[in-house]
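We name chains A, B, ... by the order of the sequence lines, and we start the count at 1 in each one.
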Number of protein chains: 2
Amino acid sequence: MQRKLPHSNLYLREEELRRGIELLYFAYRDFTRDPDNILADSSFGRAHHRVLYFVGRNPGTTVSGLLSLLRITKQSLSRVLGQLVEDGYVDQVSGVEDRRQRLLYLTDKGKAFEKELFETQRQRVAEAYKKAGPEAVAGFWEVLLNIVNEEEREAVLRQIEK
Amino acid sequence: MQRKLPHSNLYLREEELRRGIELLYFAYRDFTRDPDNILADSSFGRAHHRVLYFVGRNPGTTVSGLLSLLRITKQSLSRVLGQLVEDGYVDQVSGVEDRRQRLLYLTDKGKAFEKELFETQRQRVAEAYKKAGPEAVAGFWEVLLNIVNEEEREAVLRQIEK
DNA sequence: CGATATATGTCAGTGTTATTGACATAATAT
DNA sequence: ATATTATGTCAATAACACTGACATATATCG
């Protein structure tokens, strides 16, 4: 076991840990504000956005696929997904191999709305990337990935490397 | 205006922007899980945690100080803060200069609980920092700060450099 | 002094997102 | 034939947030 020298681990002091915690909180707060503002004019909320986003990124995903990705309950998803289907943002198609499954796809209307919501966050993140530069962005990804639960990292990697 | 060469801005493609968005979502999801699990056994929720955290970090802050930091409404804060005061986690002290103000402090009980909640996040973030190394951590901070609304960055800097 | 502004608190109503538990149906797998 | 899986649904509950309106105490300004 190697003894830790305080001066070589300055970035691991409580002060620096709290800095990460607080930045994560404030950044997430503002990051979710843009789409929330758009959603406020619709009958949808943040949960609908998440479903639109991940169905858009994973066309043909199933209900259980979404459940494990979002880690919410079936009952929560059911309400949100039902509204999106009813309002014509998401299509459900019976699976060909397994007809119990409902494969999920964005309709054109769904794609357009997802794009509108994404655009606000795209701009914010692109600005932040540009200001910070590619090396900082690489560090940003690396730390975030390590904050994810270890047993989920593989699933997240599969998602983000799509 | 400089023309952007595609190959020099690979990290600004939609794919990389979506990667940041998704990592932020997944990391935040897991990052809030630890304290949420502890809070589930208490009568408190995430909102109480936020108040405990920021009162702990800013002893003597006022109600309006918290309101602008957390950006929630007075009515929302009032309920949460009232419970924390009633249960002996937070002390309210009338201001000396301005007796309308209620200066907020954690009690010993409040400090102990905040520490318990912080500990779970501290470990997670410390692990992530260690794995990624100091340069990555610097990039992590920089990008997160740039994601924060521009007009709020100064306030966030004041907070995190405390 | 009187008017106005500020800091805080509170009441009533509403909405979103999530939870748990129980149960139902259809299709697949053993 | 039975068990399991994928999905859906009903009912009840809770945390967290909002808006709007109003109240009180204190401070500040003209």
Side-chain angles (χ1 to χ4, degrees), chain A residues 25 28-29 32-33 35-55 60-87 90-104 117, chain B residues 25 28-29 32-33 35-55 60-87 90-104 117:
Chain A
Y25 170 71
Y28 196 80
R29 181 193 66 177
T32 51
R33 180 137 315 162
D36 281 356
N37 285 338
I38 296 177
L39 291 160
D41 295 331
S42 75
S43 58
F44 297 146
R46 201 182 289 181
H48 301 83
H49 182 201
R50 283 202 285 271
V51 171
L52 282 176
Y53 185 91
F54 285 108
V55 171
T61 190
T62 62
V63 170
S64 53
L66 268 189
L67 287 180
S68 62
L69 193 60
L70 301 177
R71 291 225 304 233
I72 57 176
T73 60
K74 193 175 41 165
Q75 294 86 334
S76 296
L77 176 60
S78 176
R79 179 185 50 85
V80 170
L81 186 55
Q83 291 168 330
L84 288 170
V85 169
E86 184 168 354
D87 293 1
V90 171
D91 258 350
Q92 288 181 326
V93 179
S94 284
V96 278
E97 301 230 320
D98 185 338
R99 286 188 305 177
R100 292 172 304 180
Q101 294 181 329
R102 307 294 164 88
L103 309 186
L104 305 172
L117 291 166
Chain B
Y25 170 71
Y28 195 79
R29 181 194 66 177
T32 51
R33 180 136 316 158
D36 281 355
N37 285 338
I38 297 176
L39 290 159
D41 294 330
S42 75
S43 57
F44 297 147
R46 200 181 287 182
H48 300 84
H49 182 199
R50 283 202 285 271
V51 171
L52 282 175
Y53 184 92
F54 285 108
V55 170
T61 190
T62 63
V63 169
S64 52
L66 269 190
L67 287 179
S68 60
L69 193 60
L70 301 177
R71 292 223 304 232
I72 55 176
T73 60
K74 194 173 43 161
Q75 294 86 333
S76 296
L77 177 60
S78 178
R79 176 185 51 87
V80 170
L81 187 56
Q83 290 168 330
L84 289 170
V85 169
E86 184 169 352
D87 292 1
V90 172
D91 258 350
Q92 288 180 325
V93 179
S94 284
V96 279
E97 300 229 322
D98 185 338
R99 286 188 305 177
R100 291 172 304 181
Q101 293 181 329
R102 305 295 163 87
L103 309 185
L104 304 173
L117 292 166

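- With contacts defined as side-chain heavy-atom distances shorter than 4.5 Å, the pair B/L103/B/T61 does not qualify.
- Distance, B/E97 CD to C/dT6 P: 18 Å, rounded to whole Å.
- A/L117 contributes atom CG, which lies 5.0 Å from atom CG of A/L39 (distance to the nearest 0.5 angstrom).
- For the pair A/Q101 CD and C/dA29 P, the interatomic distance rounds to 10 Å; values are reported in whole Å.
- Between the CZ atom of A/R46 and the C1' atom of D/dA15 there is a distance of 14 Å, rounded to whole Å.
- For the OP1/OP2 pair of C/dT19 and a distance below 4.0 Å, the side-chain nitrogens and oxygens of A/S76 include at least one atom meeting the criterion.
- A donor-acceptor contact under 3.5 Å is formed by the side chain of A/Q75 with the base of C/dG21.
- OP1 or OP2 of C/dT19 lies within a sub-4.0 Å distance of a side-chain N or O belonging to A/T73.
- For A/S64 and D/dT7, the shortest distance from a side-chain N or O to OP1 or OP2 is below 4.0 Å.
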- request: Check step by step if side chain to side chain contact (heavy atoms under 4.5 Å, CB included) holds for B/D87 and B/S43.
  value: CA-CA 10 Å; B/D87 292 1; B/S43 57; 4.2 Å; yes
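- With rounding to the nearest 0.5 angstrom, the CZ atom of B/R29 is 11.0 Å from the CD1 atom of A/I72.
- Phosphate contact (OP1/OP2 of D/dC16, side-chain N/O of B/R50, threshold under 4.0 Å): absent.
- B/H49 has its NE2 atom 16 Å from the C1' atom of D/dC16, to the nearest Å.
- In this structure, the helix from C/dC1-D/dG30 to C/dT30-D/dA1 shows an angle of 20° between the axis at its start and the axis at its end, each fitted on 5 base pairs and rounded to 10°.
- Counting to the nearest Å, the P atom of D/dA15 and the CG atom of B/D41 are 13 Å from each other.
- Taking only side-chain nitrogens and oxygens, B/H48 comes nearer than 4.0 Å to OP1 or OP2 of D/dC16.
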- request: For side chain to side chain contact (heavy atoms under 4.5 Å, CB included), just list the numbers for A/L104 and A/Q92, CA-CA rounded to whole Å, side-chain angles, deciding distance to a tenth of an Å, and then say yes or no.
  value: CA-CA 5 Å; A/L104 305 172; A/Q92 288 181 326; 3.6 Å; yes
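- Here the C1' atom of nucleotide C/dT19 and the CG atom of B/L39 are 15 Å apart, to the nearest Å.
- At the heavy-atom level, A/Q92 lies under 4.0 Å from the strands shown only through sugar-phosphate atoms.
- Using a 4.5 Å heavy-atom threshold, the side chains of B/T62 and B/L67 count as separate.
- Atom CG in A/N37 sits about 12 Å away from atom P in D/dC18, given to the nearest Å.
- Listed candidates were C/dG9, D/dG8, C/dT28. Nearest to the side chain of B/S78 is C/dG9.
- Here the side chain of B/D98 is nearest to one of C/dG21, D/dT26, D/dA17, namely D/dT26.
- Between B/R100 and C/dG9, a side-chain N or O to OP1/OP2 separation shorter than 4.0 Å is absent.
- Atom-to-atom distance recorded for A/L70:CG and A/F54:CZ is 6.0 Å, nearest 0.5 angstrom.
- Distance from the side chain of A/R79 is smallest for C/dT17 among the nucleotides C/dT17, C/dA27, C/dC11.
- Between A/I72 and B/L103, it is B/L103 whose nearest contact on DNA chain C lies nearer the 5' terminus.
- The separation between A/L67 atom CG and D/dT5 atom P is 15 Å, rounded to whole Å.
- Each of A/K74 and A/V96 was assigned the nucleotide of DNA chain C with the nearest heavy atom; the assignment lying further toward the 5' end belongs to A/K74.
- Considering CG of B/D36 and CG of B/D41, their distance stands at 11.5 Å, rounded to 0.5 Å.
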